[in-house]
Amino acid sequence: MASLKLPEIVPSPNQDTVRLRNAFQGLGTDEKELILVLGHRNAQQRKEIKETYQKLYNESLIDRLQSELSGDFRNAIVLWTYDPPERDAKYARDALKARRKGIKQLQILVEIACASTPNHLMAVRQAYCSLFDCSLEEDIITSVSQPLTKILVGLVSSYRHNEVTVNLDVAKSEAEKLHEAINNKQLDDDHIVWILSTRNVFQLRETFASYKQLYDKTFEEDINNCGKGDLASLLNVVVLCLDCPEKHFAKVVRDSIVGLGTDEDSLNRAIVTRAEIDLLKVRFEYTNMYKSSLDDDVIGDTSGDYMEFLLTLLGKGPKGD
C-alpha cells in the first residue's frame, strides 16, 4: 500500500510547472512550495512536469533543483523527481562502482531484482544500458567477485511470472532441493540460484513455508547455520525481499537511524523508492518489529525541510494542492 497522497483534483503539468518556476524566483527558494507540488505527485505526473518544465523554460528541472537546493533535502527531492527506473539504474551503478562492495551496497541490487515487479526490473535494465552504455549484468560480472556474481546475475537477468499462481507439489519438491543444497553446504548451488531467480514470489513464499513445515526450521535459519560470510548474508537479504519486502525496508530504515549519526542515503532510498509501492506496510512492520513509530523516529533523526519532505512521502499531513 502506497503512502503517497495525491490531491483530489490534480493540477495540470503546466500549472505545476509555473508554480515550481515561481518557487525558484526571487530571493531564496520556496522549499515549502516544492514539497507541496512534487511531494504530492505520482511518477507519471512528475514525468509530465519535468517534460513540461524543459519545454517551457529550456532547462532541466533536475538541474534546477540541484542548483537551488542543498544537503539532504536536495538529495531526497532529486531522487524523488527522477523516473523510478532511471533512479534505480543510478542506484545500481553507484553500488557497483563503490570502492567497497559489501552487503550494504549489494543489497541494493537485490532490492531492485526481488522487491520490484518484473516489468520494473526490465525497465531498470533498459535504463542502465541507455545511461551507461553497458548492461547491468556486465557491470556485475566485472565488479563483483564469485560466488556473489552468480546469484546477482541470476536475479537481475530473470523475468518472473507476475500472477498469483502456486503449485504445492512444486513448493514441496523445491523446498527439498533447497535443503539438499544446505546439507551439502553449497549456498551457490545451481538449484538455489535457479529457484530464487525464476519462481514468482507467491510460489517462493509457499516454498519457504513448505521448508519450515518439512524441516522445522526456516530457510534463513539454515542459511545462517551453513555459513556466516557475504554469500549467506546476501542470500538472507534475497529471501527477505522475496518473502516480505516490507520487513526488509523497515530494517533498512532502522539501520539508517540507530547508532551515531544518520545514514541519510539509506533512509532516502527506503522512503523514496517505496512511497508509491508499500510504505504504509513498511510503517506497520517497523512498529511491529521495533515497537516504535517510523514517523516519530524520522522526526527524531531529521530536521527542517528534509524532515518535512520525508514525512510528506510517509503520508503525513495534507494531500497538497
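Throughout, numbering of the chain's residues begins at 1 and tracks the sequence.
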With the side chain counted from C-beta on, respond yes when [X] and [Y] share a heavy-atom pair under 4.5 Å apart, and no when they do not.
X	Y	value
R205	V166	no
F24	L65	yes
M289	E246	no
L121	L155	no
T302	F309	no
F249	K281	no
C241	V237	yes
E285	N288	yes

Filter on ring pair (Phe, Tyr, Trp, His ring centres under 6.0 Å), then keep only pairs touching [range], sequence neighbours left out; what's left?
range	answer
residues 101-129	Y128-F132
residues 200-230	H179-Y211, H179-Y215, Y211-Y215, Y211-F219
residues 148-168	none

Hey, what do you get for [atom1] ([X]) to [atom2] ([Y]), rounding to the nearest 0.5 Å?
X	Y	atom1	atom2	result
K316	T312	NZ	OG1	11.0 Å
D278	R283	CG	CZ	12.5 Å
T17	L56	OG1	CG	6.0 Å
I195	S173	CD1	OG	7.5 Å
C226	N184	SG	CG	9.0 Å
R46	E276	CZ	CD	4.5 Å

Closest approach of [X] and [Y], non-hydrogen atoms and distance?
X	Y	answer
R160	L196	NH2-O, 2.6 Å
A127	P85	CB-O, 3.9 Å
R125	S158	NH1-O, 4.3 Å
V282	A250	CG1-N, 3.7 Å
L4	N42	CD2-CA, 3.7 Å
L267	S256	CB-OG, 3.6 Å

Query raised in the report: Can you check side chain to side chain contact (heavy atoms under 4.5 Å, CB included) on Y306 and E264, steps first, answer last?
Result: CA-CA 10 Å; Y306 177 49; E264 289 86 2; 3.6 Å; yes
**Report entry** salt bridge (charged side-chain N to carboxylate O under 4.0 Å, His left out) pairs, two or more places apart, involving residues 99-108
**Finding:**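 Sorted result for residues 99-108: K104-D263.
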Requested in this report: Could you list all the salt bridge (charged side-chain N to carboxylate O under 4.0 Å, His left out) pairs where at least one residue sits in residues 138-147, not counting sequence neighbours?
Outcome: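 For residues 138-147: R93-D139.
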Query raised in the report: Excluding sequence neighbours, so at least two apart, what forms side-chain hydrogen bond (donor to acceptor under 3.5 Å, both in side chains) with E68?
Result: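 E68 satisfies side-chain hydrogen bond (donor to acceptor under 3.5 Å, both in side chains) with T29, R64 once adjacent residues are dropped.
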Query - side-chain hydrogen bond (donor to acceptor under 3.5 Å, both in side chains) involving D94 - partner list, sequence neighbours excluded - result: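 Counting only residues at least two positions away or on another chain, D94 forms no side-chain hydrogen bond (donor to acceptor under 3.5 Å, both in side chains).
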N/O donor-acceptor pair under 3.5 Å between [X] side chain and [Y] backbone:
X	Y	result
K247	L240	no
K5	G315	yes
R19	E33	no
Q54	S60	yes
S292	T287	no

Same apolar cluster: [X] and [Y], side chain cutoff 4.5 Å:
X	Y	value
V272	V110	no
L279	I108	yes
L313	L69	yes
W194	I151	yes
I257	M307	yes

Requested in this report: Would you kindly say whether D295 and Y286 are connected by a side-chain donor-acceptor distance under 3.5 Å?
Outcome: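 Per modelled atom types, D295 and Y286 side chains form no pair under 3.5 Å.
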Query raised in the report: Quick one: do the T273 and D88 side chains pair a donor with an acceptor below 3.5 Å?
Result: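 Their side chains do not contain a donor-acceptor pair, so the 3.5 Å distance test is not met.
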Requested in this report: Given side chain to side chain contact (heavy atoms under 4.5 Å, CB included), test I49 with R41 step by step and report yes or no.
Outcome: CA-CA 9 Å; I49 290 169; R41 303 292 185 269; 4.0 Å; yes
Query - Members sharing L280's hydrophobic cluster (side chains within less than 4.5 Å) - result: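 Members besides L280, by chain and number: M1.
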Query raised in the report: Given a cutoff of under 4.5 Å between side-chain heavy atoms of I, L, V, M, F, W and Y, with clusters grown through shared members, what are the other residues clustered with V170?
Result: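 None; V170 is a cluster of one.
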Query raised in the report: Is Q66 atom CD crowded by more than 12 heavy atoms from other residues, nucleotides or ligands, each under 6.0 Å away?
Result: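 Result for CD/Q66: enclosed.
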**Report entry** Residue E51 excluded, over 12 heavy atoms near CD under 6.0 Å
**Finding:**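 Yes, enclosed.
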Report task. Test side-chain hydrogen bond (donor to acceptor under 3.5 Å, both in side chains) on N200 and T165 and set out the steps. Result -> CA-CA 8 Å; N200 76 70; T165 55; 3.2 Å; yes
Report task. Show your working on side chain to side chain contact (heavy atoms under 4.5 Å, CB included) between L106 and D230 and close with a plain yes or no. Result -> CA-CA 10 Å; L106 297 182; D230 283 349; over 6 Å; no
Requested in this report: Go through K251 and D255 one step at a time and tell me if the salt bridge (Lys or Arg N to Asp or Glu O under 4.0 Å) criterion holds.
Outcome: CA-CA 6 Å; K251 184 177 185 301; D255 290 346; 2.9 Å; yes
Report task. Please name all residues satisfying side chain to side chain contact (heavy atoms under 4.5 Å, CB included) with E220, sequence neighbours left out, ordered by chain then number. Result ->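 Applying side chain to side chain contact (heavy atoms under 4.5 Å, CB included) to E220 gives T218, N236, V239.
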Query - All salt bridge (Lys or Arg N to Asp or Glu O under 4.0 Å) counterparts of D190, not counting sequence neighbours - result: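 Only K150 meet the salt bridge (Lys or Arg N to Asp or Glu O under 4.0 Å) criterion with D190.
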**Report entry** Counterpart residues, salt bridge (Lys or Arg N to Asp or Glu O under 4.0 Å), relative to K90 (two or more places apart)
**Finding:**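 For K90 there are no salt bridge (Lys or Arg N to Asp or Glu O under 4.0 Å) partners, ignoring immediate neighbours.
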**Report entry** Salt bridge flag under 4.0 Å for residues E59 and R21
**Finding:**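 Counted as a salt bridge, because a side-chain N and a carboxylate O are separated by less than 4.0 Å.
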Query raised in the report: Would D189 and K177 pass as an ion pair if we require N to O under 4.0 Å?
Result: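 Salt bridge: no.
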Requested in this report: Check the pair D16 / Q45 against side chain to side chain contact (heavy atoms under 4.5 Å, CB included), numbers first and verdict last.
Outcome: CA-CA 10 Å; D16 280 340; Q45 291 159 356; over 6 Å; no
